[in-house]
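Encoded as structure tokens, the structure appears first; notes follow it.
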Amino acid sequence: MYSLVAISVGTKIPSSNFDGKIIGIYDHTFNVELADLSILTCASSNYFNMPHGILVNSQIRDLKAYFKTGTTVHHRNGILRFSSKKLKIDLRSASMWAPKFKLESRPQKTQLNILLSEIKNDLPLGCEKLLAGPLSVVSQMIGWGRGLTPEGDDIIAGYLSAISLTAPDDPLRQQIASEIRRNIYKTTTVSNQMLNDAIEGLFIEPVEDLRSALYGNGDIGYASRKLKLVGSSSGIAMMFGLIAGAAYIENYTLKLNSNFIKAA
Amino acid sequence: MKFFQKILPNIYRDSVALMQISCKLCDLPGISQASAIMATEANIELLNEAGLLVEKMSPQPNNLLVAIQGDDEAIIDVAFKQVEKSINEVGTPTLSGEEQILAPQSIEMALDEFPEAQLALISCPGEYAEAEAQKALNLGLDVMIFSDNVSIEGELALKKYAANSGHLVMGPDCGTAILNGVPLGFSNVVRSGNIGIVAASGTGLQQISCLVDQLGGGVSQAIGTGGRDLHAKIGGLSMLKGIQVLAKNDEIKIITLVSKPPSPAVADKVLNEARKCGKPVVVSFLGADLAAIKGDNLFPVETLEQAAHAAFLLSQGKKPSDDPLPRHTIETSIIEEITSSFSDKQRYVRGLYSGGTFSYEAMLLLGAEIGPMNSASPLSTKHKLNDIWSSTGNTIIDLGDDLFTRGRPHPMIDCRLRNDRILQEAKDPETAIILLDVVIGHGSHHDPAGEIVASIQAARASAQKLGNSLAFVTFVCGTINDPQNLVAQENKLRDVGAIVLGSNAQAVHLASDVIKAIGDS
């Protein structure tokens with residue numbers, strides 16, 4: 001049996017015993033659905049932290065050699081075991097990944113425009129409406145696009161990462177949360193969890209890093225490059241959402257030249 | 001007479017498996033005593049006491065010790081070959097082609113092999129049980145400790161750890177449980193259903209679950225706590241956890257608690273937990289003051305049979321009746337017939353139980369009706385038998401008590417001790433009734449009634465020589481789906497003239513009525 005050690009776990013990983021089954025296996029990650037229908041993502045060390053994620057200390061390759069979709073997963077006092085009996089993951093020495101955001105500075109309009117220009121060629125058609133105001137488009141965006149997390153959902157999650165810097169009782173923040181909850185049925189299970197986390201102010205590590213860079217002292221260029229690499233289009237969509245949200249908070253007007261917008 | 005003893009190195013088998021092997025050995029012709037047992041200090045001492053060890057030996061807890069006493073060497077040789085065969089049949093490594101798959105050597109290895117496991121069942125010599133249970137808890141498993149001889153301090157430490165980590169410890173000395181409909185230890189094949197039981201009494205749990213099954217209800221969860229759990233020192237930690245577990249289980253609609261009376265402080269805690277669990281709770285604290293058990297959702301009962309009836313009615317959405325259950329199903333004319341067959345000296349009941357809770361319930365019920373019972377473990381010390389191997393007056397003994405089982409298998413597995421005692425009681429001219437429980441199900445002897453009937457017949461013949469007629473009053477604790485089959489076992493007893501009742505309470509009530517009738521005649 002092959003043993004791996006987890007480096008870090010997200011705050012949403014239960015510490016008590018749980019059981020689940022593998023519902024998706026990818027190059028460097030696999031997803032586990034738990035009895036409460038939440039989804040846990042286990043990823044290689046070359047991946048990134050997530051609220052529902054476990055990051056292990058090696059670059060997992062050829063995951064399908066260890067288990068297949070439907071393999072059951074059992075957590076007992078900090079050790080994940082699999083019904084395939086070929087692998088176990090020890091979470092006991094893993095640190096808890098719980099980013100603490102500290103507001104130290106404000107992004108300038110120029111910075112946001114530069115970031116926007118980096119991704120504008122790859123943005124899906126119609127997303128520019130978000131820059132005009134989110135409420136009219138949230139319901140249309142949920143579930144819009146393809147993949148485990150459709151691009152529309154990624155954009156909203158990114159948008160919320162900026163909006164969550166406002167006070168919890170900010171009317172716009174509450175209205176967006178309400179719109180999401182009303183329309184959440186339109187999207188995938190994985191996206192459903194991502195949007196619910198976003199309402200709670202929980203985001204994946206690359207989003208956290210770019211947000212911290214914009215509002216703190218981080219390297220914006222490095223953080224944006226990392227975010228753009230997430231998924232086939234998710235990172236870019238989240239980055240756009242984050243830029244649009246930041247523009248809203250900072251009261252900047254950003255514009256996208258429609259010539260640059262690709263068809264979704 | 002020849003003696004034989006041999007160490008089989010690095011072989012471990014659990015005590016139930018070894019008791020069954022020992023029992024089969026003793027059935028072989030020409031074998032008078034035999035034991036296959038782990039060579040721990042305590043076990044060596046037991047075999048020395050039984051006179052089975054002729055060579056002095058030091059403890060070797062990792063090794064299995066076989067000791068045999070037989071008529072001659074050839075007979076012993078046959079017996080030892082039988083041991084080797086049985087040992088290899090139980091828990092032997094699985095062979096698959098040329099590849100040998102080793103049986104797990106530790107709880108962690110077992111968990112790797114069965115990652116979905118949620119519970120470890122610990123059955124090893126008591127001195128190691130605490131450490132093994134702690135390992136299982138550390139691995140995130142609930143624990144059922146079948147072993148006894150765990151110190152009370154050890155039990156408390158395990159239960160405190162479990163309480164803090166959200167786990168359940170059943171035992172030590174937890175002989176039976178049903179978890180998610182799966183019977184464990186000495187347990188019966190009962191229908192699954194909406195009743196849950198938390199019991200500090202093994203045979204109490206078995207009696208209630210079997211009677212519920214016979215009534216048409218079902219039990220999906222039956223949690224054993226171990227007999228000491230409600231002592232003041234332990235504080236009912238497992239019973240409290242058990243109530244919480246069943247309260248959270250949506251399938252369970254009715255909870256039944258079974259125990260001897262807890263210490264007052266523990267009773268308060270347990271009953272408070274029961275009051276707030278949000279479900280009807282049948283409380284069977286044998287011998288407790290029922291009037292003191294108060295609560296809108298609490299239903300105190302006097303006997304195990306009443307507990308089963310109350311739980312069944314509640315599970316059907318009905319309120320338990322205030323009317324008492326029939327004492328038994330035997331007509332007065334038959335009681336008169338029995339008493340008229342006794343000689344003048346025959347006046348006493350002799351209860352020879354294999355279940356501790358049955359003997360306790362019998363002492364309570366008979367004590368209230370015909371006076372205190374003498375016993376090896378009486379309700380009051382002044383009624384303690386001077387010699388536990390000889391009955392005096394009305395006597396109830398639990399032959400499963402450690403006092404009787406030192407160096408021997410439990411009477412639910414090996415009927416010889418009780419069979420001998422039946423014959424002994426038959427020779428006592430004052431014995432009128434012999435009261436017997438027959439406990440079937442997983443773990444028990446494969447045909448306990450079949451083992452007893454020969455003794456009943458021999459006892460009758462022996463009594464007849466004295467001009468006496470013996471009454472055998474019995475009940476079988478089991479279900480029709482048990483491997484031994486309830487009806488088949490009852491019929492074997494009836495075929496030799498034993499009176500078979502539906503429960504311990506009924507059997508005891510009949511015994512009481514007969515003894516009272518003797519007094520009246």
Side-chain angles (χ1 to χ4, degrees), chain A residues 1-6 9 11-23 25 30-40 42 54 56 58 60 63-94 96, chain B residues 93-94 96 99-122 131-144 157-170 179-182 221 223 241-242 244-245 247-251:
Chain A
M1 187 181 292
Y2 193 51
S3 289
L4 293 174
V5 174
V9 295
T11 52
K12 290 282 190 172
I13 298 294
S15 57
S16 54
N17 288 357
F18 59 78
D19 300 289
K21 69 172 180 211
I22 293 178
I23 56 168
I25 306 172
F30 60 92
N31 286 339
V32 178
E33 185 180 69
L34 308 189
D36 65 0
L37 301 182
S38 64
I39 293 168
L40 170 165
C42 192
I54 295 170
V56 298
S58 70
I60 314 172
L63 282 168
K64 287 180 180 161
Y66 297 101
F67 36 65
K68 55 189 179 184
T69 304
T71 294
T72 58
V73 181
H74 309 278
H75 177 257
R76 301 286 181 269
N77 254 30
I79 298 181
L80 273 187
R81 293 179 175 85
F82 301 84
S83 56
S84 55
K85 301 173 197 170
K86 292 178 180 168
L87 177 72
K88 62 179 171 182
I89 302 173
D90 190 338
L91 315 183
R92 290 173 296 183
S93 58
M96 174 77 74
Chain B
T94 308
S96 168
E99 189 182 0
Q100 190 176 42
I101 302 163
L102 286 174
Q105 304 291 303
S106 68
I107 297 172
E108 185 160 13
M109 281 175 75
L111 191 55
D112 287 344
E113 195 59 31
F114 305 100
E116 69 279 21
Q118 295 172 321
L119 175 122
L121 196 162
I122 311 289
E132 292 304 313
Q134 185 62 57
K135 285 179 202 168
L137 287 170
N138 291 345
L139 288 164
L141 299 173
D142 292 333
V143 177
M144 174 175 171
L158 287 170
K159 289 185 172 178
K160 276 187 173 172
Y161 181 91
N164 290 333
S165 59
H167 290 297
L168 175 68
V169 171
M170 297 190 289
L179 297 179
N180 299 327
V182 179
Q221 310 287 345
I223 295 168
K241 178 70 179 173
Q244 291 159 7
V245 167
K248 279 187 203 155
N249 185 318
D250 292 337
E251 191 190 355

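Each chain gets a letter, A, B and so on, in the order the sequences are listed, and its residues count up from 1. Values below: all heavy atoms of this structure, side chains included; hydrogens, waters and symmetry mates excluded.
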(message) Strictly by salt bridge (charged side-chain N to carboxylate O under 4.0 Å, His left out), give each pair with a member in residues 157-169 of chain B just once, sequence neighbours left out.
(response) B/E155-B/K159, B/K159-B/D229
Table up the donor-acceptor pairs between chain B and chain A that sit under 3.5 Å, atom names plus distance.
residue	atom	partner	partner atom	Å
B/D112	OD1	A/R81	NE	2.7
B/D112	OD1	A/K88	NZ	3.1
B/D112	OD2	A/K88	NZ	2.9
B/E113	O	A/K85	NZ	3.2
B/E113	OE2	A/K85	NZ	3.3
B/E116	O	A/R76	NH2	3.0
B/A117	O	A/R76	NE	2.6
B/A117	O	A/R76	NH2	3.3
B/L137	O	A/N77	ND2	3.4
B/N138	O	A/N77	ND2	2.8
B/G140	O	A/N17	ND2	2.5

(message) Which residues pass the side-chain contact (heavy atoms from CB on, under 4.5 Å) test with B/A163, not counting sequence neighbours?
(response) none
(message) Counting heavy-atom pairs under 4.5 Å with chain A, which one of B/L141, B/L139, B/L137 comes out on top?
(response) B/L139
